[in-house]
Amino acid sequence: MTRDLALAIPPALVDRLRSARSVAALTGAGVSAESGVPTFRDAQTGLWAKFDPTELATPSAFARNPKFVWDWYAWRRELLAGARPNAGHLALAALERRVARFHLITQNVDGLHQAAGSSDVIELHGSIGRIRCSRGCGTVARWAVAQGDLPPRCAGCGAFLRPDVVWFEEMLPPDALAAAEDAARHCDVLLVIGTAAEVYPAAALPRSARACGATVVEINPQPTALSDAVDHVLRGPSGVVLPALVAAAWPATSLS
Ligand code: BV8
Ligand code: ZN
């Protein structure tokens, strides 16, 4: 599979990647699918099957029922507890070691890029591994399984603690968004991996990169809202395509 896939990668793309001084990657839920982490569009299971994630991940859902939303994130954390970085995550960590300037921009809150060895990952939508004060008094901490009434209270001001993620209708962290926009505008190649490209402002990054002259590559087994606005489409699972792409550009690269 990988060998004939390596063949299927356009030589022009391999040359462009190998000669690139600055490479960026934008990832979505699909890059973690092969680690057993359900994507946002995969049907939720169990208690959550009836709920649309985009309705649960909102300030109004938390205001309406803080414990319900807290439990949803606790459930996702349990799912994540057994998840390990897959070959796609590892290939991106190897790519970082191969190019002069590399920026990894993720919409994922699962921390699997960091677990794969990628450094200074730009977390556009926060991390499920952290909690913070819902009133914003400044308290931020590592997630810990909490006893007693849920959600636990902030030691600083007594407000509820919440996951340190960006909910719909909430602004992204300004420094992360600025770093992502800068990386997109100054890269030679942008890899767009495992995202349906429907959530903004993240979904606007590929078009601004292309408008600034970058070669934009979509890696996704399915067509997306972006497919007709990129230079190359590699249709396949990222855990297979990314190792093949890195191996095609740098044959001697160890991916582990
Ligand atoms: C904001 C954290 C200002 C929480 C998340 C412009 C136009 C339209 C709407 C808007 C707009 N600007 C703003 C909006 C509103 C909204 C938005 O974009 N809505 C969408 C739904 C239309 N944006 C916001 O609210 C943002 N904030 O704009 O603030 C504001 C303020 C008030 C009012 C308005 C605006 C905040 C957005 C961030 C929300 N938080 N996550 C949590 O995780 O719990 S978003 C969350 O959903 C993820 O982080 C990710 O961004 C998104 C899921 O998308 P994907 O990652 O693409 O995943 P998905 O499941 O959809 O698709 C998976 C893909 O993988 C598929 O393509 C599949 O084919 C592929 N795949 C599957 N297997 C594999 C694979 N690929 C490769 N390999 C495989 N093996
Ligand atoms: Zn507080």
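Worth knowing before you read on, the calculation uses all heavy atoms, side chains too, and leaves out hydrogens, waters and symmetry mates. In listed order, ligands and their atoms are each counted from 1. Keep in mind that this is a model prediction, so the values were computed, not measured.
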Exercise. Would a 4.5 Å heavy-atom cut-off, applied to side chains only, mark I193 and L26 as touching?
Worked result: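 No, side chains not in contact.
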
Exercise. Which pair of heavy atoms, one from C133 and one from C157, lies closest together, and at what distance?
Worked result: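 Looks like SG-SG, 3.5 Å.
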
Tell me: protein heavy atom nearest [atom], and distance?
atom	result
atom 43 (O) of ligand 1	R76 NH2, 3.0 Å
atom 55 (P) of ligand 1	T195 OG1, 3.8 Å
atom 74 (C) of ligand 1	G30 O, 3.5 Å
atom 64 (C) of ligand 1	G194 O, 3.6 Å
atom 69 (O) of ligand 1	N220 OD1, 2.8 Å
atom 80 (N) of ligand 1	E34 OE1, 2.8 Å
atom 8 (C) of ligand 1	Y200 CD1, 4.3 Å
atom 50 (C) of ligand 1	Q107 OE1, 3.6 Å

Exercise. Only one of W72, W70, W167, F168 clears ring pair (Phe, Tyr, Trp, His ring centres under 6.0 Å) with F62; which?
Worked result: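 Looking at W72, W70, W167, F168, the match for F62 under the ring pair (Phe, Tyr, Trp, His ring centres under 6.0 Å) is W167.
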
For this session: Considering only NZ, NE, NH1 and NH2 on the basic side and carboxylate oxygens on the acidic side, decide whether R130 and E123 come within less than 4.0 Å.
Result: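 Salt bridge: yes.
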
Exercise. Can E218 and R210 be counted as an ion pair, charged N to O under 4.0 angstrom?
Worked result: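 Salt bridge: no.
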
Does any N or O atom in [X] lie less than 3.5 angstrom from one in ligand 1, N or O only?
X	value
N108	no
F40	yes
T224	no
A29	yes
V166	yes

Exercise. G239 near ligand 1, heavy-atom distance under 4.0 Å?
Worked result: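 The answer is no: ligand 1 sits nowhere under 4.0 Å from a heavy atom of G239.
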
Is it the case that [X] and [Y] place a side-chain donor and acceptor less than 3.5 Å from each other?
X	Y	answer
R64	T58	no
H113	S32	no
D188	S22	no
Q107	T27	no

Exercise. What angle sits at the Zn ion (ligand 2) between SG of C137 and SG of C154, to 10°?
Worked result: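 The angle at the Zn ion (ligand 2) comes to 100°, rounded to the nearest 10°.
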
Problem set entry | Geometry at the Zn ion (ligand 2) - C133 SG versus C157 SG angle, rounded to 10 degrees |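 For SG of C157 and SG of C133, the angle centred on the Zn ion (ligand 2) reads 100°.
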
Using a strict cut-off of 4.0 Å, indicate which atoms of ligand 1 neighbour a heavy atom of [X].
X	value
A33	73 (N)
P237	78 (N), 79 (C), 80 (N)
A196	57 (O), 61 (O), 62 (O), 64 (C), 67 (O)
G28	56 (O)

Only heavy atoms count here, so choose which of [options] is nearest to [atom].
atom	options	result
atom 20 (C) of ligand 1	H125, R235, E198	E198
atom 78 (N) of ligand 1	S32, P59, S238	S238
atom 31 (C) of ligand 1	Q222, E169, E123	E169
atom 44 (O) of ligand 1	W167, Y73, W72	Y73

Exercise. So which of L205, N108, V109 actually passes side-chain contact (heavy atoms from CB on, under 4.5 Å) with L124?
Worked result: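 Result: among L205, N108, V109, L205 is the only option passing the side-chain contact (heavy atoms from CB on, under 4.5 Å) with L124.
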
Please indicate, with yes or no, if any protein heavy atom is found under 4.0 Å from [atom]?
atom	value
atom 53 (C) of ligand 1	yes
atom 35 (C) of ligand 1	no
atom 14 (C) of ligand 1	no

Exercise. Should the heavy atoms of other residues, nucleotides or ligands under 6.0 Å from CZ of R21 be counted, would the total exceed 12?
Worked result: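 Counting neighbours around CZ of R21, 12 or fewer heavy atoms of other residues, nucleotides or ligands fall under 6.0 Å, so no.
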
